[in-house]
Amino acid sequence: MFCFYLLTFVCVIAQFMKFIFKLHIICVLLLSFSSFLSVAQINTDRVMNIGRNALYFEDYILSMQYFNQVIKVKPYMAEPYFYRGIAKLSLDDFKGAEEDCSLCIERNPFIVNAYQVRGIARQNLGDYQGAIDDYTAGLRYAPEDRTFLNNKAIAEVQLKKYDEAEKSFEKLIALHPNYYNGYMSRAQFYLEKGDTLKAVADIDKAISIDKYMSGAYAQRAIIKVLRDADYDSALADMNEALRLDPKEVSYYFNRARIKYHQDDLQGAMDDYDYILQLEPGNTMTHYNRGLLRMQVGERNKAITDFTEVIKAEPDNYFAIYNRALLYDMIGSYSKAVADFDVVLEQYPDFAAGFFARSEAKRKMGDLKGGEKDFMLALDLQKSTKYEEIDESAVASGTTRQSGQAADERSESDKNINKFNQILVADAHNEYKPEYENKIRGRVQDQNVQVSIQPMYVLTYYERPDAVRQNIYYIKELEELNGTHVFSKKLLLTNSEAALLSDQVNYHFASINDYSRLIDINPSNPLAYFGRAVDFMLVQDFSSALDDLNRAIMTSNNFTLAYFLRAVVRAKQIEYQLSTEALQVNDFGGGRKKGGNDFSSLGLPAPGNESLKLEYEMVLRDYEKVIEAAPRFIYAYYNRGNLRCSQQDYRGAIADYTEAIRLRPDFGDAYYNRGLVYLKQGDMAAGTADLSKAGELGVVAAYNLLKRMSD
């Protein structure tokens with residue numbers, strides 16, 4: 001019951017937690033610490049203040065960079081660990097938040113709010129008793145603190161210690177009779193016990209305390225739907241929630257659900273349309289709108305919606321099946337059969353699916369195949385004791401099986417027989433903030449592909465990145481830029497920027513300039529190197545390699561020439577593989593994209609004989625760089641990436657570990673090593689590395705940590 005409640009009220013919980021965190025951070029910002037005397041201490045204080053400002057405005061990733069600076073200079077201070085713990089908690093890095101708060105408490109056990117943050121982290125990690133212990137410790141210092149009391153009561157509910165929870169709620173409300181969140185939390189407790197009357201009474205009380213909080217109206221609306229099917233009253237509450245918070249996507253989603261039950265399909269469609277204006281990539285909304293369009297006969301538009309879902313979630317068999325039905329309706333029988341094939345491979349006992357495919361095959365002239373599928377559907381129907389298949393219902397996409405909920409299914413429900421039911425959100429679904437900055441706000445909710453961070457290259461351009469890691473000092477690079485042979489400063493980055501049109505023209509002109517220099521002095525290695533960079537930037541890898549070979553022949557101790565040659569060779573291999581993959585896809589094959597297999601790096605897999613020599617040459621160049629410059633961390637890092645592509649995970653871990661040893665704040669190396677550990681099944685080591693990577697500014701780590709915790 002409690003899980004079901006969470007399923008339908010995820011938006012309310014998200015609003016509630018957001019309010020708690022905001023309140024908590026405001027209180028924290030009012031704390032005063034000891035004054036600082038020396039100039040260095042004043043600078044530290046300034047950095048801490050900037051970090052706290054960034055934290056308040058939800059710039060979590062940026063704030064951690066400031067706290068990292070303080071910790072690096074003064075690791076004995078407790079406060080930066082505490083604030084960094086808040087940032088990690090806000091990014092759903094619960095393990096990292098717990099560890100930082102523990103480090104804070106070790107240094108200063110009297111920072112009371114550290115117990116609160118660690119308690120919340122432990123609650124999210126499922127350590128409810130540990131959370132209760134933290135809240136109890138905090139209450140020793142602040143016995144009437146309402147946040148400690150409230151969170152302690154919630155943790156007791158989660159442990160099903162109902163008697164203790166009831167006493168905690170009674171104490172909370174006795175001490176704070178006008179505490180909005182106290183009544184909202186106790187309403188959740190009553191719902192856990194199945195007492196909807198008391199739950200609604202507490203929500204009504206919360207509304208009487210603060211009638212401008214949208215979450216109470218939204219929660220009461222869903223209770224009215226579940227308890228009484230009172231859609232008219234529920235709609236009034238949801239409309240009020242949206243009046244108070246008109247950009248909360250989850251409210252539109254739930255209102256569309258209510259309108260659907262009222263048979264107001266156009267109203268539901270309007271809400272889904274508006275959600276997709278706010279969040280164009282919201283797959284649940286595309287799915288539900290696809291079902292509505294299917295129901296009202298907008299078949300081509302419905303196909304478009306389901307295709308959007310499938311692009312984002314290639315294994316969404318519900319969307320694939322509905323699209324198959326639609327293809328069948330519009331006469332695209334071969335496309336329908338292709339989609340049915342995918343679904344039936346996953347669900348080999350889906351009787352209605354075999355019947356639908358039999359119809360599509362029959363219509364396209366495959367009578368034998370259609371007969372075979374039809375007989376199989378009948379056999380499955382008998383063996384699974386389904387109700388008799390309604391052939392016309394299957395054709396129109398409105399089939400239901402016995403025992404099936406009337407109109408909806410949860411997002412996590414994988415029963416394919418519910419293919420035609422609208423989705424409702426699971427408890428873990430949360431929605432994005434109003435702004436769309438990829439750094440600011442809940443960066444862990446971004447939809448990022450799980451692949452290793454890319455290799456570092458030498459270039460003149462990089463993409464702007466608010467939390468880009470500082471490049472470690474490389475003597476060879478400084479010396480090269482110090483020659484002033486190049487008109488622009490060379491950079492080491494793994495965030496290359498594509499050339500603009502004027503930059504393309506510039507580098508073609510630069511190639512001509514270097515060519516004239518080479519004509520004057522054919523023994524100048526820097527001219528060959530500079531032209532090689534230009535060739536690489538304009539994607540002429542062969543010419544770039546020719547120039548790098550000449551630069552190395554002219555000066556065999558040219559370390560960065562070896563490094564750049566390895567980079568260019570890797571790029572060349574990547575291009576070759578992408579071309580081969582495109583040819584395979586054109587002939588109906590192709591590789592599955594995404595996943596954790598590191599294939600997106602684009603380097604040869606272990607059985608690719610035609611590229612093994614090129615692979616060995618890249619390795620040889622990195623070894624040459626390491627031999628000449630053993631502290632050149634980017635050579636170890638790039639070689640680790642190369643070894644990942646060859647599934648030499650032990651070698652990759654060794655390279656990333658060496659890069660980390662040389663530079664302990666190398667976030668990309670932690671991230672990649674974390675993925676390799678996960679690939680090997682070492683969840684503890686992988687999670688620890690991802691947490692560290694996120695702390696050091698690798699945004700993708702928090703998305704992955706969140707997905708792992710869901």
Side-chain angles (χ1 to χ4, degrees), residues 13 16-34 48 52 55 67 70-71 75-176 179 181-182 184-186 188-189 688 691 695 709:
I13 295 170
F16 167 63
M17 292 305 295
K18 181 178 180 181
F19 179 84
I20 287 179
F21 284 133
K22 197 73 167 181
L23 180 64
H24 168 71
I25 292 174
I26 291 171
C27 294
V28 166
L29 289 172
L30 296 177
L31 293 175
S32 60
F33 298 107
S34 58
M48 284 288 292
R52 287 198 295 264
L55 184 64
F67 301 136
V70 178
I71 290 169
Y76 52 83
M77 288 180 63
E79 292 84 0
Y81 292 102
F82 168 56
Y83 288 117
R84 194 173 70 180
I86 294 175
K88 290 181 179 180
L89 183 69
S90 302
L91 294 165
D92 290 353
D93 179 9
F94 305 122
K95 189 63 178 176
E98 180 188 30
E99 290 170 354
D100 270 352
C101 288
S102 296
L103 290 169
C104 169
I105 291 168
E106 286 174 11
R107 288 158 175 76
N108 185 354
F110 300 106
I111 297 181
V112 179
N113 281 317
Y115 296 100
Q116 183 185 135
V117 175
R118 189 171 70 177
I120 294 171
R122 286 175 169 174
Q123 252 179 300
N124 281 281
L125 289 167
D127 181 9
Y128 305 127
Q129 187 57 55
I132 291 170
D133 293 342
D134 271 337
Y135 299 140
T136 302
L139 287 167
R140 285 200 295 268
Y141 299 105
E144 295 186 2
D145 184 276
R146 62 189 191 181
T147 304
F148 277 121
L149 286 167
N150 190 47
N151 288 352
K152 180 172 179 282
I154 292 172
E156 287 166 343
V157 173
Q158 290 170 314
L159 269 182
K160 301 193 182 300
K161 293 184 174 182
Y162 295 138
D163 292 340
E164 290 91 334
E166 193 156 20
K167 291 176 184 176
S168 294
F169 280 125
E170 286 174 0
K171 182 178 180 180
L172 170 66
I173 289 173
L175 289 170
H176 305 282
Y179 182 37
N181 285 331
M184 292 297 291
S185 297
R186 193 169 68 173
Q188 177 180 330
F189 164 62
S691 174
E695 171 189 313
S709 66

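Worth saying up front: this structure is predicted, and the values here are computed from it rather than measured.
For Tyr135 (side chain) and Ile120 (main-chain N/O), a donor-acceptor pair under 3.5 Å exists by modelled atom type. Between the side chain of Arg107 and the main chain of Pro75, a donor-acceptor pair closer than 3.5 Å is present.
For the atom pair CD of Gln123 and CD of Gln158, the computed distance is 4.5 Å after rounding to the nearest 0.5 Å. To the nearest 0.5 angstrom, Thr147 atom OG1 is 8.5 Å from Asn113 atom CG.
Smallest separation of non-hydrogen atoms from Asn108 and Ala78: CB-CB, 3.7 Å. Taking each heavy atom of Ser691 and Lys88 in turn, the nearest pair found is OG-NZ, 4.5 Å. Contact between Ala165 and Val157 at its shortest, heavy atoms only, is CB-CG2, 3.6 Å.
Counted by atom type alone, Ser168 and Glu156 present one or more donor-acceptor pairs between their side chains at under 3.5 Å.
Annotation: side chain of Leu172 is in contact with side chain of Arg146 (closest heavy-atom distance under 4.5 Å). Taking the side chain as every heavy atom from C-beta outward, Pro109 and Tyr115 approach each other to under 4.5 Å.
Using a 4.0 Å cut-off between charged nitrogen and carboxylate oxygen, Lys167 and Glu170 do not count as a salt-bridge pair.
A side chain to side chain contact (heavy atoms under 4.5 Å, CB included) with Pro80 is found for exactly one of Leu103, Asp100, Val70, namely Val70.
Between Phe189 and Tyr162, the ring-plane angle classifies as tilted under the 30° and 60° cut-offs.
In terms of the side chain to side chain donor-acceptor pair (under 3.5 Å) criterion, residue partners of Asp133 (sequence neighbours excluded) are, by chain and number, Gln129.
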